[in-house]
Colleague: 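Below: one structure in structure tokens.
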Protein chains: 2
Amino acid sequence: MQGIKELLNKKGHKATPARLAIINIFKNNKKPISAEEVYKNLKTKLKNINVTTIYRNLSSLSSEGILRKVDLKKDFDLFELNEDHHHHIVCTDCNKIESFKNKEVENLLNTIIKKSNNFKQIKEHSFEIFGLCKACSK
Amino acid sequence: MQGIKELLNKKGHKATPARLAIINIFKNNKKPISAEEVYKNLKTKLKNINVTTIYRNLSSLSSEGILRKVDLKKDFDLFELNEDHHHHIVCTDCNKIESFKNKEVENLLNTIIKKSNNFKQIKEHSFEIFGLCKACSK
DNA sequence: TTCTACTTGCAAGTAATTTGCATCTATGTT
DNA sequence: AACATAGATGCAAATTACTTGCAAGTAGAA
Ligand SMILES: [Mn+2]
Ligand SMILES: [Mn+2]
Ligand SMILES: [Zn+2]
Ligand SMILES: [Zn+2]
């Protein structure tokens, strides 16, 4: 937890208890979670923590590239650590989330951008799959 | 505009002026648009049209598979006709949207699902690309 | 033409996220 | 170690996209 504090300070942000705890939650969690989920988790550790603080931190941590927002067709935003780029398969019934990496997806981006008339550079992309997990498809 | 009316009736929905006008807007429009955009457009054609009607119709037309919701990282939903499956490249600066089809993306789904431990069937997927268009990247 | 289920307009309600502001605190400086 | 201050936080109020309840209207079947 040493590098994190320096990283934050270097970006002009303070390593507050709330912020460190939030990052910690994501370090110990492999699937995307919502502000509300972070909040519930944090309440057990920090008395007097407010959801607003969660929202503000999820937002700033995301712009700094420490977290990233994941769009999984929910009516609220999900976040996860912004390490090792990957995609998700989501069960639309029970919300099980499996993540996967696939080089070909990434290679395809080049092919696609070459064919494009209006774009020459890509900043990011999303590739998410929705279906029923084995348990739910019975 | 004959087939549409029958299609709607067959699904137990009435071919009301509002509903037909909404479908028409999408027929004459190639990029995903929001409820608010549909509303602005409709106001010039139907006096006394209410946004609620737009929301309700976008929703029902989507569940019927006539429209589909598109997720482009906006804070509102976008919709487009649910014909010929495709994906988008979006300019994060000026919101220009280019659409493309790519067989390989679709083929990849099979490869991915085979490697999955928890999923065997896919219902849908999203693959959206974000970057700067030529005009905006100067 | 009549009947009725589906629609619509309008007002009010939700739910997620944001903002204003007074108070507080982590960190650099003295 | 005490100080100064930019950045954080809690709390309440505001925003915003979207939904819901209800009474009145209308498309389509008979
Ligand atoms: Mn993930
Ligand atoms: Mn499209
Ligand atoms: Zn499942
Ligand atoms: Zn552009």
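All chains are named by letter (A, B, ...) in the order of the sequence lines, taking the proteins before the strands, and each is independently numbered beginning at 1.
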Colleague: Look at B:Tyr55 and D:dT19 and indicate whether a side-chain polar atom (N or O) is within less than 4.0 Å of OP1 or OP2.
Modeller: no
Colleague: How is the hydrophobic cluster of A:Val105 composed, in terms of its other members, when Ile, Leu, Val, Met, Phe, Trp and Tyr link through side-chain heavy atoms under 4.5 Å apart, directly or indirectly?
Modeller: A:Ile89, A:Phe100, A:Leu108, A:Leu109, A:Ile112, A:Ile113, A:Phe119, A:Ile122, A:Phe127, A:Ile129, B:Ile89, B:Phe100, B:Val105, B:Leu108, B:Leu109, B:Ile112, B:Ile113, B:Phe119, B:Ile122, B:Phe127, B:Ile129
Colleague: Indicate yes or no for a side-chain donor-acceptor contact from A:Arg19 to the backbone of A:Lys14 under 3.5 Å, with no hydrogens or angles considered.
Modeller: yes
Colleague: By a strict heavy-atom criterion of less than 4.0 Å, which residues belonging to residues 39-49 of chain A are in contact with DNA chain D?
Modeller: A:Asn48, A:Ile49
Colleague: Show me the dot-bracket string of DNA chain C, counting Watson-Crick or G-U pairs under 3.5 Å, with | for pairs to another strand and [ ] for crossing ones.
Modeller: ||||||||||||||||||||||||||||||
Colleague: Could you give all pairs that pass the salt bridge (charged side-chain N to carboxylate O under 4.0 Å, His left out) test and reach residues 34-44 of chain A, with sequence neighbours left out?
Modeller: none
Colleague: Can you pull out every salt bridge (charged side-chain N to carboxylate O under 4.0 Å, His left out) where at least one residue sits in residues 119-138 of chain A? Sequence neighbours excluded, please.
Modeller: A:Glu124-B:Lys73
Colleague: Does B:His85 have any ring pair (Phe, Tyr, Trp, His ring centres under 6.0 Å) partners at least two apart in sequence or in another chain, and if so, which?
Modeller: B:His87, B:His125
Colleague: Can you pull out every ring-ring contact (aromatic ring centres under 6.0 Å, His included) where at least one residue sits in residues 10-32 of chain A? Sequence neighbours excluded, please.
Modeller: none
Colleague: With A:Ala18, which residues qualify under side-chain contact (heavy atoms from CB on, under 4.5 Å), at least two apart?
Modeller: A:Thr16, A:Leu46, A:Ile49, A:Thr53
Colleague: side-chain contact (heavy atoms from CB on, under 4.5 Å) with A:Asn29: which residues, sequence neighbours excluded?
Modeller: A:Lys31, A:Ile33
Colleague: With sequence neighbours excluded, what pairs up with B:Asn28 under the side-chain contact (heavy atoms from CB on, under 4.5 Å) test?
Modeller: B:Asn24
Colleague: Within the distance-only criterion (no hydrogens, no angle test), does the side chain of B:Ser59 pair as donor or acceptor with the backbone N or O of B:Tyr55 below 3.5 angstrom?
Modeller: no
Colleague: Between protein and nucleotides 24-30 of chain D, map the contacts as a letter string: B base, S sugar-phosphate only, - none, heavy atoms under 4.0 Å, written 5' to 3'.
Modeller: --BBS--
Colleague: Is it the case that the side chains of A:Thr52 and A:Asn50 hold a donor-acceptor pair, with the cut-off being a distance below 3.5 Å and no angle test?
Modeller: yes
Colleague: Using a 4.0 Å cut-off on heavy atoms, which residues in residues 56-65 of chain A reach DNA chain D? List them by number, or say none.
Modeller: A:Arg56, A:Asn57
